[in-house]
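Start at 1 and go down the list; that is how both ligands and their atoms are numbered. These values consider heavy atoms only, across backbone and side chains, with no hydrogens, waters or symmetry-generated copies.
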Amino acid sequence: AAWKAFLNVSQSIIAIAFGAWAYESLGGTHGTPLESNLVAFFGLAVAFFTTNMISVSIFFVIRNKNTFLSVLRQVVGPGGINIVYGLLASPIALIAAFLYDKLYVGGILLIILPIFLIRYSYLSKIQLQQSNQDLLKVLVKTIETRDPYTSGHSLRVSRLARFIALELGLSARRVEMIETAALLHDIGKIDSVYAEIIRKRDRLTDEEHRVIKTHAVKGAELLQSLTSLPEEVIKGVRHHHERYDGKGYPDGLAGKEIPISARIIMLCDSIDAMLSDRPYRAALSVDQVAEEIQRCAGSQFDPDIVAVVLRGETLEKAAAQIREASLPDVVGV
Ligand SMILES: [Fe+2]
């Protein structure tokens, strides 16, 4: 988009200006051999990346209304990995200057090749993320095969959560995080302590209820230890059974204290469950579900999200994807 390009160019100009200022402040001179300006160049690189990261963070703070520190943490990356990448890549600028010094335009053309290689490695990283996402879907599907009544539930909840997040006008990055959290919301149930309880068709005892409730924390812990997923995804999983009135679990958070991802998942989880057949009852109709979520708006669910759901076609979409899933598979020969 044009505004994105404008912001990118603007922040680059500011970062370059700070870099140049650092270069000159550290005694860097123009038209002299590069070797004598290495310290000043290092100062330039540090000033450039610091300015770049701060300005990008400010942009995300304004757009996503997050705290500055949490955004900066994401921009800097786990263990400062993005700064390390940046500093490792900065000698390319030195090489470019050197080649330009010796070969003029031919030198600049020579440097384009490694830059394309770097770009290619970024694209590979994106593909890797995509295949990770596919693997997660397979994993979730595998867990759900233990219980035929919840088969496909997480995937449907994630699609529904994505749809609602878009309806709420959230940013693309948040929509993506909410979708991932929704896909993984019951991942804690992979632990063998829940196997018996999940299989059980009768009413659960108090003790079994106490055990099953730990799946939210278990899931968050699992994700924390296994992957470098954003904090918001992990929080979405941890808090997906919090109720708007504060009577949920595990932390009894209330209202807008509950992360928006968790508030959306709580609603989608219930909508999909109500619209599906269960061993002890038939599926509810779209109208019955509409009535039920309206009744629980403000107690179980965030009333603002319920209002958005009832305003649009969300429930029809949710019912349609359940119908789609229950069509008999075509048997191959
Ligand atoms: Fe759950």
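Under the 4.5 Å side-chain criterion, counting only non-hydrogen atoms from C-beta, Glu231 is in contact with Gln224.
Only protein N, O or S atoms were considered, and those under 2.8 Å from the Fe ion (ligand 1) are Asp186 OD1, His215 NE2, His240 NE2, His241 NE2.
Separation of the His185 and His239 ring centroids does not fall under the 6.0 Å cut-off.
From Ile258, atom CD1 reaches atom CG of Asp302 across 8.0 Å, with rounding to the nearest 0.5 Å.
By the 6.0 Å contact criterion, CZ on Phe18 is open, its count of non-hydrogen atoms from other residues, nucleotides or ligands being 12 or less.
Judged by distance alone, with hydrogens and angles left aside, the side-chain atoms of Thr314 form no donor-acceptor pair with the main-chain N or O of Leu310 at under 3.5 Å. Distance alone, capped at 3.5 Å, places no donor-acceptor pair between the Glu221 side chain and the Lys218 backbone.
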